[in-house]
Amino acid sequence: MDKKFSNIIESLEACKGDIGFYYKNLVTGEEVGYNEDKEFMAASVIKLPIYAVVMKKVAEGSLDLNMKIAVREEDIVPSCGAINLYSTPPVLDLKTICNFMIALSDNTATNLVIDLFGIEKLNEEFSKIGFEKTHLERYLFDSEAGKQGHENYFVPTEIGILLEKLYKNDFVNRETSEEMLRV
């Protein structure tokens with residue numbers, strides 16, 4: 001292992017808290033990790049696997065990005081995004097919802113996509129694309145589920161592998177990878 005990485009890992013070992021990372025140089029193939037296969041609470045990181053499922057389904061022809069979804073007042077959750085800025089709940093196509101979810105980290109958009117599939121189905125689809133430990137247990141901003149101990153989790157290595165596939169245009173196909181990277 002390169003000395004700079006061993007210094008980083010030594011520093012991390014001295015820190016309190018739950019820390020993990022995964023690094024891969026896509027030119028040399030060098031990999032370094034620290035708790036890279038451990039599950040971490042996902043927060044907005046979970047949006048990338050959700051988007052990957054959407055785009056895989058679109059590429060397979062079983063989902064249409066032009067489909068319209070009516071946002072209801074009760075769908076709107078706080079914080080990041082654009083949907084909660086509309087004066088009245090809009091009707092949006094799935095592509096716009098996904099763009100908001102990824103480019104603006106829109107929590108309402110994320111929940112709309114979760115609602116489209118359901119948590120159980122998304123977890124099944126996560127498995128199919130190689131996420132063994134990354135999984136959903138609740139909607140974003142579902143404080144009741146959070147109080148009951150339900151959280152969403154990701155694994156640094158699994159996210160890193162997805163990002164590498166996108167970079168190499170190997171996730172589903174070139175067109176899908178390029179579109180995901182564009183967004």
Side-chain angles (χ1 to χ4, degrees), residues 2 5 20-69 71 79-83 90 92-137 139-140 151-183:
D2 189 303
F5 290 116
F21 77 90
Y22 170 75
Y23 163 85
K24 181 173 185 180
N25 183 316
L26 298 178
V27 175
T28 67
E30 177 184 29
E31 291 180 272
V32 179
Y34 181 78
N35 290 328
E36 67 273 19
D37 293 319
K38 184 177 177 180
E39 293 178 4
F40 290 90
M41 285 182 17
S44 286
V45 174
I46 202 67
K47 295 170 183 174
L48 184 57
I50 292 170
Y51 185 46
V53 168
V54 169
M55 295 305 290
K56 177 180 176 280
K57 291 297 190 183
V58 168
E60 293 170 349
S62 62
L63 190 62
D64 184 357
L65 286 175
N66 294 313
M67 75 179 289
K68 301 290 186 207
I69 297 175
V71 180
S79 196
C80 302
I83 295 176
L92 301 168
D93 59 50
L94 182 57
K95 183 173 184 169
T96 299
I97 290 169
C98 287
N99 288 345
F100 285 173
M101 176 175 69
I102 298 301
L104 301 176
S105 196
D106 194 302
N107 296 317
T108 298
T110 305
N111 284 349
L112 291 169
V113 177
I114 293 171
D115 210 31
L116 181 65
F117 287 93
I119 290 173
E120 187 176 314
K121 181 67 173 167
L122 276 168
N123 285 327
E124 287 173 22
E125 293 299 324
F126 287 173
S127 255
K128 291 177 187 176
I129 58 176
F131 294 112
E132 294 178 19
K133 296 181 187 174
T134 296
H135 66 278
L136 279 166
E137 293 183 10
Y139 287 85
L140 278 61
E151 291 297 337
N152 301 322
Y153 293 94
F154 83 100
V155 175
T157 302
E158 292 177 357
I159 299 297
I161 290 168
L162 173 61
L163 292 171
E164 179 180 6
K165 286 179 180 179
L166 291 173
Y167 174 79
K168 292 181 174 181
N169 292 318
D170 286 341
F171 181 72
V172 183
N173 56 41
R174 174 176 293 279
E175 183 180 272
T176 300
S177 295
E178 287 176 349
E179 176 61 13
M180 289 181 70
L181 286 172
R182 184 194 67 75
V183 172

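For the single chain, residues carry numbers from 1 onward in sequence order.
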Nearest 0.5 Å please: distance from the [atom1] atom of [X] over to the [atom2] atom of [Y].
| X | Y | atom1 | atom2 | result |
| --- | --- | --- | --- | --- |
| Phe154 | Leu48 | CZ | CG | 11.0 Å |
| Asp93 | Lys68 | CG | NZ | 4.5 Å |
| Ile46 | Glu151 | CD1 | CD | 11.0 Å |
| Ile161 | Asp170 | CD1 | CG | 12.5 Å |
| Leu65 | Ile97 | CG | CD1 | 10.5 Å |
| Leu162 | Tyr51 | CG | OH | 11.0 Å |

Do the non-hydrogen side-chain atoms of [X] and [Y] ever get within less than 4.5 Å of each other?
| X | Y | answer |
| --- | --- | --- |
| Val53 | Glu124 | no |
| Cys98 | Ile50 | no |
| Ile69 | Leu92 | no |
| Phe40 | Asn35 | yes |
| Leu94 | Val113 | yes |
| Leu136 | Phe126 | yes |

Measure across [X] and [Y] and return the closest heavy-atom pair with its distance rounded to 0.1 Å.
| X | Y | answer |
| --- | --- | --- |
| Ser44 | Ser105 | OG-OG, 3.1 Å |
| Asn152 | Glu137 | OD1-N, 2.7 Å |
| Ala52 | Met180 | CA-CE, 3.6 Å |
| Phe100 | Ala109 | CB-CB, 4.1 Å |

Between [X] and [Y] (side chain of the first, backbone of the second, donor and acceptor by atom type, cut-off under 3.5 Å), is there such a pair?
| X | Y | result |
| --- | --- | --- |
| Asn111 | Leu140 | yes |
| Lys47 | Thr110 | no |
| Asn123 | His135 | no |

Response to the item:
Sequence neighbours excluded, the answer for side chain to side chain contact (heavy atoms under 4.5 Å, CB included) partners of Asn66 is Asp64

Worksheet entry | Verdict with supporting geometry, Lys57 and Val172, side-chain contact (heavy atoms from CB on, under 4.5 Å) | CA-CA 10 Å; Lys57 291 297 190 183; Val172 183; over 6 Å; no

Fill in: Pairs meeting criterion salt bridge (Lys or Arg N to Asp or Glu O under 4.0 Å) with involvement of residues 155-165, two or more places apart
Lys24-Glu164, Glu164-Lys168

Worksheet item: Would you call Glu60 and Lys56 a salt bridge, taking side-chain N to carboxylate O under 4.0 Å as the test?
Response: yes

Fill in: Over 12 foreign heavy atoms within 6.0 Å of CD, Glu31
yes

Discussion item. Does atom OH (Tyr167) have a neighbourhood of more than 12 heavy atoms from anything else shown, all under 6.0 Å?
Written reply: no

Item to complete: Measure up the Tyr34 and Phe21 rings against each other and bin them: parallel (under 30°), tilted (30 to 60°), perpendicular (over 60°).
Response: parallel

Please tabulate, one pair per line, all N/O donor-acceptor pairs under 3.5 Å involving side-chain atoms of residues 114-121, not counting sequence neighbours.
residue	atom	partner	partner atom	Å
Asp115	OD1	Tyr139	OH	2.9
Lys121	NZ	Glu125	OE2	3.2

